[in-house]
**Student:** 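If you scroll down you'll find the structure; I have some questions about it.
Since the structure is predicted, the reported quantities are computational estimates derived from the model, not experimental observations.
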Amino acid sequence: MSTEVKITNNIKVPNKDWEALKLHFPHCFDKDGNFQLEKFKNNLSEKEINFSTESYGLDWLGKSYARILASDPATTLLKANETHNALPENANSENLLIKGDNLEVLKHLANAYYEQVKMIYIDPPYNTGSDGFVYNDDRKFTAKELQNLIGVDAEKAKRILDFTQSKSNSHSAWLTFMYPRLYIAKQLLKDDGVIFISIDDNEVAQLRLLMDEVFGEENFVGEIIWQTATDNNPSQIGIEHEYIICISKNISKQTEWEIESEKGNLIQEKYSLLKNELKNDIEKIQLELRKWIRLQNGLLAGVAHYSYVDEKGVFYPGNSSNTKPGGYLFDIIHPISKKKCKKPENGWRWPENTFLTAKENGNVWFGEDENSVPKIKKRLDTVFEKLKSYYYEDNRYSTAELKKLFENKKLFENPKSINLLKHLLKFITTSNDLILDFFAGSGTTGDAVMQLNAEDGGNRKFILVQLPEEIDKKKNKTAFDFVKDELKAEPTIFEITKERLLRTAKKINAGLDEKIEKLKKELPTEENQAEITQNSKLKTQNSFKIFETTPIWEDYDFEAEQFDATQTLFEIGKLSEDDIKALLTTWKTYDGIALTQDLENIDLGGYIASSGNSKLYLMNKGFTTENLKNLLEKIDADKKFEPKIIIAFGYHFESARLREISENIKSYSNKKKTEIDFITRY
C-alpha cells in the first residue's frame, strides 16, 4: 500500500477513546467523520446509561480553550544533543533529560511512551502570587477565530484571549495551563500507574477538582501531608506543610502499596548476628536483642515490640482478644500443664481453626502456664510498612544537600526532598519501571532514581523535562553567575538541572568504585565477583541522553489540498543535515520508537537509510534505481532485515522516483512473503 501523509506539523496526542468509539460504534459517525450523539443515545436504553443534563463538575473561563491546547498539533521538532549523547557513558543510556516547553514535549512523547510510565511526580507552579507563575501562550487567535473554534460567544472569546495573552495568574489561567499537561500525562501512565502532584493551599482545592475531571473521581487515592519547616503565612496561621495529591490511572488495577519495613530489617540483621555469636541460644539471643533495641533510643519506633525470639526467628505476641464483647468462644489447652488456658474478656479475635493452624505451625505463644492468655505470634519477616498520609522532613535539609553538591553555592530555592522522592519510589516502583517528571526543576526526581538504584540494585529509568527558563540575575545572582561563568552556558534553570544530574552521577559512581576496589582486595569468591559485576553495571545506569524541542522551520507550509511536484511549498535547500536529523528523530518518536533507541544505519549501495522497529526511513537525497535494487535484494537476503513500512521524505525525492519505489515495493514478491507499506511524508 502506498500513501502520502502530512506528519511534521500534525503531531497530536492519540485519542484512544475516539478510536474506541469508531471501532465499536461506526454507525454513529456521518460520512464526514462527525460523531452523532443522538444516534449514540438511541443505541442505549435508559437503564444502561443515564444522560442526565445535571451533573457536578469544575468549570472555568478557558476550559474549552484548554481542551484545544491538549489536542492541538505540536509546533516543534525534537533534536538530539549529539555531542553529549555520543559520550561513551551516555551512548546506551535509557534516561532522558529534555529541554523545552513540557506541553510540547508531552505531545511528542505521547506515541512512543503511551502507557509506559509507572509513576509521575510533578512539582508545578503553586500560583502563590510570588512564585513567578503567569500564563504565557504564543498561539495567536483572533476573537472571531476562537469563537468559531471552541463554540463560545464573542464576549467569552475576548475574555479568554485577555488572560491567555496578558500574563494572567488567575485560577482560570492556572487551570488552563495545567489541564492539557495532565490530560496528556494520563495517556502516558500504565494502567496501574500513579501520579503524585505537590501543591499548597493556593490551588489544592482547584487541583482536586481538576484531577477528578481528568482522571475520574473514583481514581483518587489519597492526599499526603508533607510537613516542612517553611512558614508561609506568619501573620495568621503558620503554614508549615504542603500537600501531595495521589491519583491512580485505574484504581481497579492498583495493587497494595507496601514495602518491607527498613526498621524491621535492622532488627532482623541484629538477630542474625546474635544467632551466630550465641550459637542459637534462644534465651540469650532474646535477652541481648532486647538490650540492643532499648539502646536505639526510639529509632525503631513502630517495630521495637518485635523482641521475642524462638527457633523460627523474631516475633511479638499479637493481641488475641476481640476488641468488643461478642468474640469467638472456645477452649485452648496449654501444651505443658494440659489445662484450659485463660480466655480473653471479650472472647477470641479469631475462629478456632485459625488458632489450630497457627499452633501446628509453631505460631502460638502460650506463656509459662495456663494463667496467660495465648496469643498468635506475629513474625518479623511479615512486617510491612504502608504508604502513610503524613510525611515529615525539614526542607532545609534538601536545600543544604543541594548546596553541598554545588560546593556551597545556593543555586535553587526550596528544592524538593530527595528522601521524599525515594520514599514514594520505594512504594510505587519496581526495579525496571519508568518515572516521569515534566516540571523537573533542580532535577530531584532524576537524582532520587539514581540514588535508589544504587541502593537496591534497581534499573529504574527516568524522563525529566525542563523549560530553559531564564534565571533572574537580580533574584538569584549566584545561580546566574555560576551558569554563565563556570558552566559557560546560557543562564537557565535547565543548565542547573543538567549539572545536578552530572554531579549526582559522578558522586554515586565514586561510591560504587570504592565498593568495587574494596571487593577486589578481598579473597575472590563467587559472591564478591557477582557484587563487583553488579556495581559495575549500576555505574552504567547513572547517565542520560539530552534532547530539546526546536521550532518547525519557517514557511514549512502544508496547506495545499494535494502534494504537487510543480508547487513550491518550501525551499528544501534551507534544510541542513542537522535539520534532517531532527526531522528523523521527531518522526521515529511519532512512530512509537523510544527516544533512547538509536536507529541502525542501513547501506543500500551507497545510500544510507535508517532502520528501527520494522520501519525503514529514506530521508536523504540521491536515491537511485540502483539503490532500490539494493533495497529489494537486502529484503530477500538479510534474515535480520524485514521492514514492514518504508517511509520516504517526499521533498528529497522526485515524483517519478517515488512512483518507482511505490510500484516496485507493491509488485515485488519478496522471498519472506512480507507485506510492505510505502509512505511518503512531508
**Student:** So, for Arg181 and Phe177, which heavy atoms are closest and what is the spacing to 0.1 Å?
**Tutor:** NH1-O, 2.7 Å
**Student:** Does Lys118 reach the main-chain N or O of Lys190 with its side chain, forming a donor-acceptor pair under 3.5 Å?
**Tutor:** no
**Student:** Walk me through whether Leu106 and Leu188 qualify under side-chain contact (heavy atoms from CB on, under 4.5 Å).
**Tutor:** CA-CA 9 Å; Leu106 289 169; Leu188 302 180; 3.7 Å; yes
**Student:** Which pair of heavy atoms, one from Met450 and one from Ser543, lies closest together, and at what distance?
**Tutor:** SD-N, 4.4 Å
**Student:** For the pair Phe427 and His423, name the ring-plane relationship: parallel under 30°, tilted 30 to 60°, perpendicular over 60°.
**Tutor:** perpendicular
**Student:** Hey, what do you get for CG (Asp201) to NE2 (His241), rounding to the nearest 0.5 Å?
**Tutor:** 5.0 Å
**Student:** Do Glu393 and Ser398 touch side chain to side chain, with heavy atoms closer than 4.5 Å?
**Tutor:** yes
**Student:** At their closest point, which heavy atom of Ile267 faces which heavy atom of Leu300, and how far apart are they?
**Tutor:** CG1-CD1, 3.9 Å
**Student:** Determine, stepwise, if the pair Lys539 / Ile516 fulfils side-chain contact (heavy atoms from CB on, under 4.5 Å).
**Tutor:** CA-CA 11 Å; Lys539 285 181 62 181; Ile516 292 169; 4.3 Å; yes
**Student:** Hey, is the main chain of Gly327 close enough, under 3.5 Å, to the side chain of Asn346 for a donor-acceptor pair?
**Tutor:** no
**Student:** Take Phe220 and Ile245 through the side-chain contact (heavy atoms from CB on, under 4.5 Å) test and state the conclusion after the steps.
**Tutor:** CA-CA 8 Å; Phe220 173 73; Ile245 305 297; 4.2 Å; yes
**Student:** Answer whether the closest heavy-atom distance between the side chains of Leu210 and Leu58 falls below 4.5 Å.
**Tutor:** yes
**Student:** Inspect the contact between Asp310 and Arg379 and indicate whether a charged nitrogen and a carboxylate oxygen are less than 4.0 angstrom apart.
**Tutor:** yes
**Student:** Between CG of Asn535 and OG1 of Thr540, what distance do you get to the nearest 0.5 Å?
**Tutor:** 11.0 Å
**Student:** Can you tell me how far apart OG1 (Thr445) and CZ (Phe438) are? Round to the nearest 0.5 Å.
**Tutor:** 11.0 Å
**Student:** Quick one: OG on Ser320 to CZ on Arg349, what's the gap to the nearest 0.5 Å?
**Tutor:** 9.0 Å
**Student:** Do Tyr391 and Leu424 have side chains that approach each other closer than 4.5 Å (heavy atoms only, starting at C-beta)?
**Tutor:** no
**Student:** Taking everything shown except Glu218 itself, do over 12 heavy atoms lie less than 6.0 Å from its CD?
**Tutor:** yes
**Student:** Looking at every non-hydrogen atom in both residues, tell me the closest pair between Ser198 and Asp123 and how far apart they are.
**Tutor:** CB-OD1, 3.6 Å
**Student:** Is the side chain of Ser337 donor-acceptor paired with the backbone N or O of Asp369 at a distance under 3.5 Å, no angle test?
**Tutor:** no
**Student:** Which atom names give the shortest non-hydrogen contact between Glu94 and Asn459, and what distance separates them?
**Tutor:** OE2-ND2, 4.3 Å
**Student:** Indicate yes or no: does Glu385 engage Lys426 in a salt bridge with an N to O separation below 4.0 Å.
**Tutor:** no
**Student:** What distance do Leu501 atom CG and Leu464 atom CG have between them, rounded to the nearest 0.5 Å?
**Tutor:** 5.5 Å
**Student:** With a 3.5 Å distance limit and no angle check, can you tell me whether Asp433 reaches the backbone of Thr429 through a side-chain donor-acceptor pair?
**Tutor:** no
**Student:** Salt bridge check, Lys386 against Glu256: does any charged N sit closer than 4.0 Å to a carboxylate O?
**Tutor:** yes
**Student:** Judged by atom type as modelled, is there a donor-acceptor pair below 3.5 Å linking the side chain of Glu240 to the main-chain atoms of Gln227?
**Tutor:** no
**Student:** Hey, is the main chain of Ile247 close enough, under 3.5 Å, to the side chain of Asn219 for a donor-acceptor pair?
**Tutor:** no
**Student:** Using a 6.0 Å cut-off, check whether atom CD of Gln529 has over 12 heavy atoms from anything other than its own residue.
**Tutor:** yes
**Student:** Would you say the side-chain atoms of Lys186 pair up with the backbone N or O of Val214, donor to acceptor, closer than 3.5 Å?
**Tutor:** yes
**Student:** Below 4.5 Å, heavy atoms only, C-beta onward: do Leu289 and Tyr306 meet side chain to side chain?
**Tutor:** no
**Student:** For the backbone of Glu115 and the side chain of Lys249, can you confirm whether one donor and one acceptor N or O come within less than 3.5 Å of each other?
**Tutor:** no
**Student:** With salt bridge (Lys or Arg N to Asp or Glu O under 4.0 Å) as the test, would you mind laying out the steps for Glu213 and Arg67 before giving the verdict?
**Tutor:** CA-CA 12 Å; Glu213 175 92 17; Arg67 287 175 172 159; 3.3 Å; yes
**Student:** Relative to the ring of Phe366, is the ring of His334 parallel (under 30°), tilted (30 to 60°) or perpendicular (over 60°)?
**Tutor:** perpendicular
**Student:** Restricting to non-hydrogen atoms, name the atom on Gly362 and the atom on Lys377 that form the minimum distance, rounded to 0.1 Å.
**Tutor:** O-NZ, 3.4 Å
**Student:** Please determine whether the number of non-hydrogen atoms from other residues, nucleotides or ligands lying under 6.0 Å from atom NZ of Lys520 exceeds 12.
**Tutor:** no
**Student:** Counting heavy atoms not belonging to Lys343, are there more than 12 under 6.0 Å from its NZ?
**Tutor:** yes
**Student:** If you draw a 6.0 Å radius around CG in Asp456, do more than 12 non-hydrogen atoms from other residues or ligands fall strictly inside?
**Tutor:** yes
**Student:** Per the ring pair (Phe, Tyr, Trp, His ring centres under 6.0 Å) rule, which among Phe315, Tyr316, Tyr271 passes with Tyr308?
**Tutor:** Phe315
**Student:** Under a 4.5 Å cut-off applied to non-hydrogen side-chain atoms, are Lys263 and Leu299 in contact?
**Tutor:** no
**Student:** Between the side chain of Asn361 and the main-chain N/O of Thr357, is any donor-acceptor distance below 3.5 Å?
**Tutor:** yes
**Student:** Please test Leu380 against Val383 for side-chain contact (heavy atoms from CB on, under 4.5 Å), starting from the C-alpha separation and ending with a verdict.
**Tutor:** CA-CA 5 Å; Leu380 180 63; Val383 173; 3.9 Å; yes
**Student:** A quick test of your reading: do over 12 heavy atoms of other residues, nucleotides or ligands sit less than 6.0 Å from CD of Glu217?
**Tutor:** no
**Student:** Spell out, as yes or no, whether a donor-acceptor pair under 3.5 Å connects the side chain of Trp60 to the backbone of His171.
**Tutor:** no
**Student:** Out of curiosity, Gln451 CD to Ile418 CD1, how far, rounded to the nearest 0.5 Å?
**Tutor:** 4.5 Å
**Student:** Can you find a heavy atom in the side chain of Lys279 that is under 4.5 Å from one in the side chain of Asp281?
**Tutor:** no
**Student:** Salt bridge or not for Glu531 and Lys515, using N-O below 4.0 Å?
**Tutor:** no
**Student:** Does Asn353 reach the side chain of Phe330, with side-chain heavy atoms less than 4.5 Å apart?
**Tutor:** no
**Student:** Would you say that Ile122 contacts Asn102 through its side chain, given a criterion of any heavy-atom pair below 4.5 Å between the two side chains?
**Tutor:** no
**Student:** Return yes when atom NZ of Lys275 has more than 12 non-hydrogen atoms of other residues, nucleotides or ligands closer than 6.0 Å, and no otherwise.
**Tutor:** no
**Student:** Looking at Lys507, I want to see if its NZ is surrounded by more than 12 non-hydrogen atoms of other residues, nucleotides or ligands under 6.0 Å.
**Tutor:** no
